[in-house]
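Accompanying notes for the structure given below.
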Amino acid sequence: MKVLALNSSPRTGGQSKTELMLNHLVKGMREAGAEVEVVNLRKKKINSCTGCFTCWTKTPGKCVHKDDMSNELYPKWLEADIAIYATPLYHYTMNAAMKTFIERTLPVVEPFFREHGGKTYHPLRHKHPKLCFLSVAGFPEPEVFDQLSAWVNFVYGQYGIVVGEIYRPLAEVLDLPFFKEKVNEIFKATEQAGKEIVQNSKISPEAIAKITQPIVQDKKQFYEMGNKMWEACIEKGVTPKELMAGLKG
Ligand SMILES: Cc1cc2nc3c(=O)[nH]c(=O)nc-3n(C[C@H](O)[C@H](O)[C@H](O)COP(=O)(O)O)c2cc1C
């Protein structure tokens, strides 16, 4: 089984919690025998879709752009059995880099209109990889992912290709030693989810419950901790990354 894992976080140097969660998901998938390639979209040149519809008319299935998407990523994506879309939650949805990638997958459908269950859709030109969405957020409530999940199921539900949705709120604390015990449980469950996707094409409710479990019992505890961190950043004139580096150094 071939898996293409796409990470759209712009953060580097171990700061990305999308990357942290993705590493564990990929570990589980590899342990279950999948061949996984991880691609950081921040390193790739992916132009925006221009809406010209050349990929539907003059060169069916082929985009006009000559960039990393056309030359490298789209062919790999078409070949993959599963694509993982790993994105930080920005403004309650995927970030722009991930959306840009997804918009460039338009050649996979044909222009024609069909109807299923009262809903209009475009038929597939090629086999679409199965999809697993992974996202992380700063806020503690699981509901912050409701819009993203609704979008995922509205867009891809009719094709029956969604094999997993992994959403981790309060993700910025995942690298704090203070929460080590719970975080380890979350990471283990994420590995388990990876195995289950490869073996069963779905994630068990038990794994999801462990991944999404609350890390702090009282949100006020988080507010206090978070607000102190931001106050310290503003006072010292440093970013969170610089503050943490200063504390460690
Ligand atoms: C532009 C921007 C928008 C964000 N919007 C949200 C949001 O709507 N809800 C939320 O809970 N967190 C939001 N966050 C916080 C990120 O989801 C959080 O920092 C996450 O860890 C980022 O993923 P990364 O560590 O992989 O880069 C936002 C962060 C940025 C920079």
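Remember, it's 1-based here, ligands and their atoms both numbered in the order they're listed.
A salt bridge links Arg11 with Glu172: the closest approach of a Lys/Arg side-chain nitrogen to an acidic carboxylate oxygen falls below 4.0 angstrom. In summary, Lys99 and Glu103 engage in a salt bridge, as defined by a charged side-chain N under 4.0 Å from a carboxylate O. Comment: Glu242 does not engage Lys236 in a salt bridge, judged by the lack of any side-chain N to carboxylate O separation of less than 4.0 angstrom. Ion pairing of Lys27 with Glu191 is present here, as a side-chain N (NZ or NE/NH1/NH2) and a carboxylate O approach within less than 4.0 Å.
Side-chain atoms of Asn7 come within 3.5 Å of backbone N or O of Ser9 as a donor-acceptor pair.
Close approach of ligand 1 to Gly138 is summarised as follows: ligand atoms under 4.0 Å from at least one heavy atom of the residue are 10 (C), 11 (O), 12 (N), 15 (C), 16 (C), 17 (O), 18 (C). Near Ser16, the atoms of ligand 1 lying under 4.0 angstrom from a non-hydrogen atom of the residue are 24 (P), 25 (O), 26 (O). Proximity to Val136 (heavy-atom distance under 4.0 Å) selects the following atoms of ligand 1: 17 (O), 20 (C), 21 (O), 23 (O). Below 4.0 Å from some heavy atom of Ser9 lie the following atoms of ligand 1, by number and element: 24 (P), 26 (O), 27 (O). Of all atoms in ligand 1, listed by their number and element, those nearer than 4.0 Å to a heavy atom of His91 are 1 (C), 3 (C), 4 (C), 5 (N), 6 (C), 7 (C), 8 (O). Less than 4.0 angstrom separates some heavy atom of Pro88 from each of these atoms of ligand 1: 22 (C), 23 (O). Applying the 4.0 Å criterion to heavy atoms of Gln15 picks out, from ligand 1, the atoms 25 (O).
Annotation: side chain of Ile197 is in contact with side chain of Cys132 (closest heavy-atom distance under 4.5 Å). Ile215 places a side-chain heavy atom less than 4.5 Å from the side chain of Arg168.
Separation of atoms NZ (Lys44) and CZ (Phe101) is listed at 11.5 Å; rounding is to 0.5 Å.
Residue Ala171 places no N or O, backbone or side chain, under 3.5 Å from any N or O of ligand 1. Between Tyr90 and ligand 1, no pair of N/O atoms sits closer than 3.5 Å.
Only the side chain of Glu172 comes within 4.0 Å of ligand 1, judged by heavy-atom distances. Residue-level proximity to ligand 1 for Ala137 is carried by backbone and side chain together, each with a heavy atom below 4.0 angstrom.
The closest protein non-hydrogen atom to atom 8 (O) of ligand 1 is Tyr92 N, 2.9 Å. Atom 26 (O) of ligand 1 has its closest protein heavy atom at Thr18 OG1, 2.5 Å. Among protein heavy atoms, the minimum distance from atom 11 (O) of ligand 1 is reached at Phe139 N, 2.9 Å. Of the protein's non-hydrogen atoms, the one nearest atom 25 (O) of ligand 1 is Arg11 NH1, 2.6 Å.
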**Request:** Assess whether ring-ring contact (aromatic ring centres under 6.0 Å, His included) is satisfied between His122 and Phe113, documenting all intermediate values.
**Result:** CA-CA 5 Å; His122 294 301; Phe113 304 106; 5.4 Å; yes
**Asked** Should Trp77 and Tyr74 be marked as a ring-ring contact (aromatic ring centres under 6.0 Å, His included) after you check the CA-CA gap, both sets of side-chain angles, and the distance that decides it?
**Response** CA-CA 5 Å; Trp77 177 86; Tyr74 186 69; 5.5 Å; yes
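For the residues Thr93, Leu89, Thr12, Val173, the heavy atom positioned nearest atom 16 (C) of ligand 1 is part of Leu89.
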